[in-house]
Amino acid sequence: MTIERTGTGSGTGDGAGPPAGVLPGGALLQAVFAGLGEGLYLTDRDGRISAVNPRAAELLGRPAETLLGADAHDLLHRAADGSVIPRSACSLWPVLEHGLAVRGGCARFLCGDGHLLPVSWSVSPVLRDGRIRAAAVLFTDATEHLEAARRRADRLAALERLADRLAAATEAGAMLARTPEADEALRRLGRLIVPRLAEWAAVDLRTGSEELRRVVVVAPEGYSGDPAWEGPLPPVTDSSGAPLARVLRGGEALLLGPDDLAACDDEPLAAAHRELVSAFGATSVIIAPLRTARRTLGALTVARTDPARPFDAAELALVEDLGRRAGLAVDGVLLSDRQREVAETMQRHLLPPLPQAGRLGLAARYRPAPEGSAAGGDWYDVLTLADGATALVVGDVAGHDVQAVARMAQMSNMLRSIAWDRVEPPSLIVDRLENAVLAVGDPTLATLVMARIEGPEEGPWQLHWTSAGHPPPLLVTEDGRARYLESAQNVLVGAEWHDVGDRHDAIEPLPARSTVLLYTDGLVHAPGTGLDAGLDRLRRRAAALARRSVEGFCDELLEGAPPGGVDDIALLALRVPGPGEDA
């Protein structure tokens, strides 16, 4: 096969015979040119094709005779979109002008049938007598290379999407686990989904056997329409075939396209859901159940508005997983709320009404832990003893659950039974209580203060008390002085490492119109602050309230409890009367 070329000349430039090793007439050069497995064409100084090998003609789908003499740039060189590349941007010209070889990545050559051939290429100058005479363009089909690169990019993108989905699922699980309120957890879930996964999202939650409420709507960015999309929804009926109703009745997660969204159902719940979709817009929607092993609690709706970006099966699985995680979180919150309500109800009913204590004034308050915290074992009690003295008790059983409330009731009843018919120092009564607690066989740790108010009916009175690991009583006098009674501190009840009988008491005279305050640590302790700071705050506030009525005194102290507390508060106040008056 011969080289297709224009012009004449032997190619040696000096008329001499061929150099050693080259066949006469350039036969070896012709054989290499003709048999080269890559496309090769030569251009003259004007960029016109002067020679082309068979592989180049084959790759370009053009007969050699149609290529020879053509302007290579105008005929072949194209951008990726098929447009003609400006001549100033063509890589061939710097080679012809400056003689520097150039290699290129992926370019496009226009083939004879009109399609664009991706090529990898290089251009080298052809020199003779030290002058640039032509350029040689070597190119090969880069289709497979591009396909391999595209597959690698697709795999990388798939891995990135998978990583994003796993990260979203992990972040959602952690967020749901640490958010104690159901509505707030679902709202945070919606903000996690939008815009990370979808343009908007909504959560519908069953709030009763027949009641359904839209608790969360995260609108598309920039939405300025009616914000009142949250609130009660029509009930779920057995007859509705609408997607939302099917999911709420226990069906699987659904992926809806434009045709599904356009389908009409006149059932009220379907109409309400369709109104939301119409207001925000949607071309692809997933409705996933908020489900536990026992029941479906609600539904999560997520939507995209871009027709070019519909949800796929992997995203359906992700949203279904998010719905399952949300269902378990909501179920846990609801169960905790029910347990808390039971514990709180038990605790309130177990706290006794305050008896009449002669001329002494009494007031008590109980405030359960804030919503999202478990009820504890805080309690107070007042009883009249066999010798006519008034006994005051404030205690706190370890734990924050229904069991703690039950143990509190058990311990309170034990203490009443042990104390009421005997005239004994408080320390001995607490010792006998501890013996009874240990004998029952259910280990229970508790702190408490037990005090006797001793004195004749007309006064004066004294406080006779013992403390079992509890915050000390606070004595507030009429002139606004307040101090803690830190004597009589002993180990808590139920601690088996001490010898029963080692407890001791203390006695403190009570001035006229003074106030004794017993309380649990919820009144002084807040997360992030030390107990000493809380005690100092309580002391200063109580001193400022010295002349308030005993009822007002308790109300003001409860109102001033440290914010952010997570524990119950029980407090009991006793007011000593002045001479000839009632407290």
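Along the sequence shown, the residues carry numbers beginning at 1.
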*Asks:* Sub-3.5 Å donor-acceptor pair from the side chain of R213 to the main-chain atoms of D204, do we have one?
*Replies:*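 No.
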*Asks:* Determine whether N53 and Y41 satisfy the following criterion, side chain to side chain contact (heavy atoms under 4.5 Å, CB included), listing intermediate values before the conclusion.
*Replies:* CA-CA 6 Å; N53 77 340; Y41 66 83; over 6 Å; no
*Asks:* Compare every heavy atom of L255 with every heavy atom of S284, then report the nearest pair and how far apart it is.
*Replies:*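 Answer, listing the atom of S284 first, then L255: OG-CD1, 4.0 Å.
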*Asks:* Ignoring hydrogens and geometry beyond distance, is a side-chain donor-acceptor pair present between T301 and H273 at under 3.5 Å?
*Replies:*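 The answer is yes; a qualifying pair exists.
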*Asks:* Checking R291 against E252 for the salt bridge (charged side-chain N to carboxylate O under 4.0 Å, His left out) test, could you report, in this order, the C-alpha distance in whole Å, the side-chain angles of both residues, the deciding distance, and whether it holds?
*Replies:* CA-CA 10 Å; R291 179 183 294 162; E252 299 298 321; 3.6 Å; yes
*Asks:* Any side-chain to backbone donor/acceptor pair from T43 onto R48? Under 3.5 Å, distance only.
*Replies:* no
*Asks:* Write down the atom of L269, the atom of P235, and the distance for their closest heavy-atom approach.
*Replies:* CB-O, 3.9 Å
*Asks:* Between A282 and A303, which heavy-atom pair has the shortest distance, and what is it?
*Replies:* CB-CB, 4.0 Å
*Asks:* Side chains of P562 and R537: closer than 4.5 Å at any heavy-atom pair?
*Replies:*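 Answer yes - side chains close enough.
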*Asks:* Walk me through whether L92 and L96 qualify under side chain to side chain contact (heavy atoms under 4.5 Å, CB included).
*Replies:* CA-CA 7 Å; L92 179 61; L96 292 170; 4.0 Å; yes
*Asks:* What do the steps show when you test E184 against R191 for salt bridge (charged side-chain N to carboxylate O under 4.0 Å, His left out), and what is the final call?
*Replies:* CA-CA 11 Å; E184 179 58 26; R191 291 196 293 265; 3.4 Å; yes
*Asks:* Is the backbone of A79 close enough, under 3.5 Å, to the side chain of S83 for a donor and an acceptor to pair up by distance?
*Replies:*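 No; judged by distance alone, with no hydrogens or angles, the pair does not exist.
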*Asks:* I want to check something: taking the side chain as every heavy atom from C-beta on, are R249 and V236 in contact at a cut-off of under 4.5 Å?
*Replies:* yes
*Asks:* Check step by step if salt bridge (charged side-chain N to carboxylate O under 4.0 Å, His left out) holds for R87 and D74.
*Replies:* CA-CA 8 Å; R87 190 172 291 271; D74 291 344; 2.8 Å; yes
*Asks:* Any heavy-atom pair between the side chains of R214 and V217 that's under 4.5 Å?
*Replies:*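 Yes, their side chains come closer than 4.5 Å.
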*Asks:* Go through it in stages, so that I can follow the logic: the residues are R151 and E147, the test is side chain to side chain contact (heavy atoms under 4.5 Å, CB included), and I'd like the CA-CA distance, side-chain angles, deciding distance and then a yes or no.
*Replies:* CA-CA 6 Å; R151 288 193 296 270; E147 287 298 326; 3.6 Å; yes
*Asks:* So do the side chains of F280 and T305 get within less than 4.5 Å of each other, counting heavy atoms only?
*Replies:*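 A side-chain contact is absent here, since even the closest heavy-atom pair is not under 4.5 Å.
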*Asks:* Applying side chain to side chain contact (heavy atoms under 4.5 Å, CB included) to T296 and L290, what does each step give before you reach the verdict?
*Replies:* CA-CA 6 Å; T296 298; L290 272 61; 5.8 Å; no
*Asks:* Before accepting this row, confirm whether a basic side-chain N of the pair E315/R309 lies closer than 4.0 Å to the acidic partner's carboxylate O.
*Replies:*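 Looking at R309 together with E315, the answer is no, because their closest N to O distance does not fall below 4.0 Å.
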*Asks:* Has E221 got more than 12 heavy atoms of other residues, nucleotides or ligands less than 6.0 Å from its CD?
*Replies:*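 12 or below, so no.
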*Asks:* Starting at CD1 of I85, measure out to CG of L76 and round the result to the nearest 0.5 Å.
*Replies:* 10.5 Å
*Asks:* Kindly give the heavy-atom pair with the smallest separation between A57 and L67, and that separation in Å.
*Replies:*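 For A57 versus L67, the nearest heavy atoms are CA-CD1, 4.3 Å.
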*Asks:* Do R45 side-chain atoms and I132 backbone N/O form a donor-acceptor pair below 3.5 Å?
*Replies:* yes
*Asks:* Determine whether L186 and L205 make a side-chain contact, defined as any pair of heavy atoms from C-beta on separated by less than 4.5 Å.
*Replies:*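 Answer yes - side chains close enough.
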*Asks:* How many angstroms lie between CG in L75 and CZ in F109, if you round to the nearest 0.5 Å?
*Replies:* 10.0 Å
*Asks:* I need the minimum non-hydrogen distance between D567 and G522, along with the two atoms involved.
*Replies:*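 That closest heavy-atom pairing would be CB-CA, 4.2 Å.
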*Asks:* Tell me if a side-chain donor or acceptor on R62 pairs with a main-chain N or O of E58 at a distance below 3.5 Å.
*Replies:* no
*Asks:* Treating D129 as the side-chain partner and R131 as the backbone partner, does any N or O pair qualify as donor plus acceptor under 3.5 Å?
*Replies:*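 Here the side-chain-to-backbone pair does not exist.
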*Asks:* How many angstroms lie between CH2 in W121 and CZ in R108, if you round to the nearest 0.5 Å?
*Replies:* 13.0 Å
*Asks:* With a 3.5 Å distance limit and no angle check, can you tell me whether D568 reaches the backbone of D378 through a side-chain donor-acceptor pair?
*Replies:* no
*Asks:* Quick one: CD on E275 to CH2 on W229, what's the gap to the nearest 0.5 Å?
*Replies:* 6.0 Å
*Asks:* Hey, does F311 have a side-chain heavy atom less than 4.5 Å from the side chain of V285?
*Replies:* no
*Asks:* Sort out for me which residue in T237, D238, L244 forms a side chain to side chain contact (heavy atoms under 4.5 Å, CB included) with S240.
*Replies:* T237
*Asks:* Which heavy atom in L116 sits nearest to a heavy atom in P118, and how many Å separate them?
*Replies:*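 Residues L116 and P118, closest heavy atoms: O-CD, 3.5 Å.
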*Asks:* Is a side-chain donor or acceptor of E97 paired with a backbone partner of P94 at a separation under 3.5 angstrom?
*Replies:*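 No.
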*Asks:* Do any N or O atoms from the side chain of T292 and from the backbone of R294 form a donor-acceptor pair under 3.5 angstrom?
*Replies:*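 Pair found, side chain donor or acceptor close to backbone of R294.
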*Asks:* Please report the interatomic distance CG(L192) to CG(L197), rounded to the nearest 0.5 Å.
*Replies:*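 Nearest 0.5 Å value for the CG-CG distance: 9.0 Å.
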*Asks:* Is there a side-chain contact between L261 and P243 (heavy atoms, below 4.5 Å)?
*Replies:*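 Not in contact.
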*Asks:* May I ask you to test the R55-L36 pair for a side-chain heavy-atom distance under 4.5 Å?
*Replies:* no
*Asks:* Whether the side chain of W200 engages the backbone of L276 through a donor-acceptor N/O pair (distance < 3.5 Å, no angle test) should be reported.
*Replies:* no
*Asks:* Could you measure the distance from the OG atom of S120 to the CG atom of D141? Nearest 0.5 Å is fine.
*Replies:* 9.0 Å
*Asks:* Answer yes if the side chains of D71 and H73 hold a donor-acceptor pair under 3.5 Å, and no otherwise.
*Replies:*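 There is no such pair (donor and acceptor under 3.5 Å, judged by atom type) between the side chains of D71 and H73.
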